[in-house]
Structure formats: structure tokens, C-alpha cells
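Since the structure comes first, as C-alpha cells, the remarks are kept for the end.
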Number of protein chains: 2
Amino acid sequence: MKSKTYHHGDLKNALIKAGVEILAKEGIGKLSLRKVALKAGVSHTAPYSHFSDKQSLIAAISTEGFQRLSKALDSAIKSHANNPKKQLIKSAQVYTEFALRNKDIFKIMFSSALEKEKEYPAFVEISQKTFIQVVDIVRACQEANIIKSGEADVLAVIIWGQVHGIIALAIEGQISHTILEKKSLQEIVTQAVEQAIKK
Amino acid sequence: MKSKTYHHGDLKNALIKAGVEILAKEGIGKLSLRKVALKAGVSHTAPYSHFSDKQSLIAAISTEGFQRLSKALDSAIKSHANNPKKQLIKSAQVYTEFALRNKDIFKIMFSSALEKEKEYPAFVEISQKTFIQVVDIVRACQEANIIKSGEADVLAVIIWGQVHGIIALAIEGQISHTILEKKSLQEIVTQAVEQAIKK
DNA sequence: TTAAAATCTTGACAGTGTCAAGATTACAAT
DNA sequence: ATTGTAATCTTGACACTGTCAAGATTTTAA
């Protein structure tokens, strides 16, 4: 597959993949353009043929992450067709699982693009799509009279924010062990969503 | 106040202050030990007399941030004595305001210490204290029969997580403008807490 | 008074992001 | 098929970073 030609052939994806691996094994602090290049077997400036700068690579990795998350949400939704309540709970659980399994990618997804977000259309598109998935479930819940009606997008922000916040706090070690010994993160998130639903 | 003696006199605090300023003016990406040292008027390795490494300085800055946040929460609580509902809502609003006014400090507070958290006792202490403040309000709400009784700490995580999550998403630009044009972040957070209370 | 500890400096090193110039290859137009 | 142009990749360089080692200066305590 990879003969050592001058042109790599699929370097862009190889760099993203290498970045994801470094992220998973060594964490954000150890992610550098040069190391990614080394891992892909190219010179230290080769990445600049595919990414304008480090931010750009990070944006690509984040995009990857959102694509995987979005996919996972999709199958969660499909696995409970016509049951918005289960869809919502399952989605929250899938979200939690993704975050726990991909801590550093999750962190980078929500802490990089920043104000330059708009410069990466692929990132904007998939992250918006992900949010729309949540909004759609909330809307379905409203139509099924499971949660109160109103602005679905605002409600989605609240519910999504709740799930996201609990996970974020947990990943950053802000939730004490005493609590996490009593209830797993999955249980806490599930309880939170169920409470939000009952209305 | 500052005569240029060999010994600075209060370098540790000066470094933290310089760090906070750089953070506010230039953002996380521009925060470096050397720049902090320069700003404090000392050599590039002087910080190592007070901080073992960069992480350690960041921990100190985070600690500073938590102290300010905790103080703000305190006055929010005191301004509505014997009214836990108002205390809770006001606390959420204070939390929101702090985050919006100190975006980069807020980010660093919840994205640095990581697993080495325990190595910084001052940080652990104040961040725990902050959480306990929230738990106490929740407990007060329970006693006042405003929210359902149960494990106060878990409930606090859920409510705090909700507030934190909405803010985090907003700060990272993950909440669309369409939504934030309809409702300000303060309004969304307030609505979220009020919903959580009604039970 | 003086020995030890704390604080700060200079100098060095490896690692980083990024630019500039040039080499190699792929590809499209002729 | 040839050729010129664009894409891709390399080498080399630069400034900036975190961090260590050695030593200078000052404070503190014995």
C-alpha cells in the first residue's frame, strides 16, 4: 500500500490519523506538527502542503471527531425509531460514551476552533449538523408531548448543555470521587435527562 | 513600590498577575513563561524560583480564578439570605457573568490541571469549596421544598453541570447566533435553572 | 558574624511553528 | 508523446518556547 514514493498519496488523511493517535496515546500537550509528520514518515514541513497551520490540522481532527460523534448519534436515533424519549436518553448516553472513550479528542473538539471557527467550513457544517440532530429529537419529544413545547432550539441548548456540562466537568476532574463512586457518569447523565423530560 | 533591587519582593504574585493580564489581552495561546517573566521585569528563568514548571503557574492562575469566582458566589448567596431559590438563580447568573468577563481564565480553570490536579492542593481546595457552595444552595432548596429531595451532591452536579455546559458551549462558539439573538446567555441559563427548580 | 537558604541571572539545549527556496512528481493542454 | 504548470514534498533557517545547570546576589537564621 505505502511504497516510499516521493509523493505520499494520501498524506492528508495519514496526518489526521497520526494526530488522532498521538492525541489518544499522549494527550493534547504532546501533539505537534513535527511529530505528526514524523509519524506519517514525511519531513517536518510536509504538513504545510495540506494544512495552512497547526490550527488547521486541529480543525481537521475536530471535524473527524464530530463526524464520528454524529454517526454514533445517528445510530442511536435509528435504534429507537418512533420513540423520542428513548432516542433522547440513548443519545445522551452515546454522547457520554464518546466523550469517555475519546477524552482528548472531545476536549479538542470543544476548545480549539474558537473565533476562527468560521475559517473551517467542514467543521462548522458537521458541528451544526450534530446540534440539529439534538434539536430534532427535542422537537420530536415536544410533538409526543414528552417535554413542554416552546422554542425547541433553546430547549435543545439547555438539554444538550446539561449533558455536555456534566461530562466536561467529569473529564476535567471537577467532580469528586465520592460522587462518582455512588453513581457512574452514565447514571448521572441519564438521571439528568430523565428529570428534564418529566414535565 | 518597585525599586529595582535584585530581589523583587513579591515576584510570585507579580507573575500571576502578569499571567492573568496576558490571558485577558492575548489569550491562552500567547501565554508563555518567558513573556510573563518579561512583563514582571525579571529574567526568563526567574519564575522557576516560584513555580516548578508552566503547569504550576497555570495552576496558580486557575486558583486565582476560582478564588474570584468563589467570592462572587459568596456575595450572591449573601445578597439573598433565607431565599434559596433566588440564591440559586443569582449564583447561576454570577457564574455566567464571571465566565463571560473572564473567558480565557474560565477556560484555563476547566482545562489545565488535568490528572495532575492533586499536585496543587490550593487549587483542589478552592475548587472543592466552590462546588460545596453550590451543593449547599441545593440543599437549602431541598429543605425549602423547592426542588425534590435526594442526594444533594448529585443534584448539584446536575444543576451545576447544566449551567457550566451551556456557558462552555457558548464560549466555544458552539451555540448558533440565531439562538443567541433570540435569548441572551443569561436568559438561557436563567430559564434552565428555573426549569430545574420547578418540581 | 557567618553559614545556609532563597532568590535571581546568564547561558545553553532540544523542541516547536513557520517561512523560503528548491527538488520531485503528477497532470493537463498542446 | 511532450512539455509546462501545479501539486507535493524536502532541506535549511529563524525566532520562540520550556527547562536545566551553574553561578551571583540577597535574605535569614544560627
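Chain identifiers are assigned alphabetically (A, B, ...) following the order of the sequence lines, protein sequences preceding nucleic acid strands; residue numbering begins at 1 within each chain.
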Cation-pi, B:F51 ring and B:K12 (6.0 angstrom, 45 degrees):
yes
Side-chain N or O of A:S49 less than 4.0 angstrom from OP1 or OP2 on D:dC9?
no
Which nucleotide sits closest to the side chain of B:K54: D:dG18, D:dT10, C:dT18?
D:dG18
Phosphate OP1/OP2 of D:dT10 contacted by A:S43 side-chain N/O (<4.0 Å):
yes
Return the nearest nucleotide to the side chain of A:D53; candidates are C:dT9, D:dT10, C:dT18.
C:dT18
Please determine whether any donor N or O and acceptor N or O are separated by less than 3.5 Å between the side chain of B:H44 and the base of C:dG11.
yes
Spell out yes or no: do the side chain of A:T45 and the base of D:dT11 have one donor N/O and one acceptor N/O closer than 3.5 Å?
yes
Whole angstroms only, please: what is the CZ-P distance between B:F51 and C:dC8?
11 Å
Between the side chains of A:E143 and A:R139, is the shortest nitrogen-to-carboxylate-oxygen separation below 4.0 Å, so that they form an ion pair?
no
Any donor-acceptor N or O pair under 3.5 Å, side chains B:S176, A:Q128
no
Spacing of B:L33 atom CG relative to C:dG15 atom P, expressed in whole Å:
19 Å
Among residues 11-24 of chain B, which residues get a heavy atom nearer than 4.0 Å to DNA chain C?
B:L11
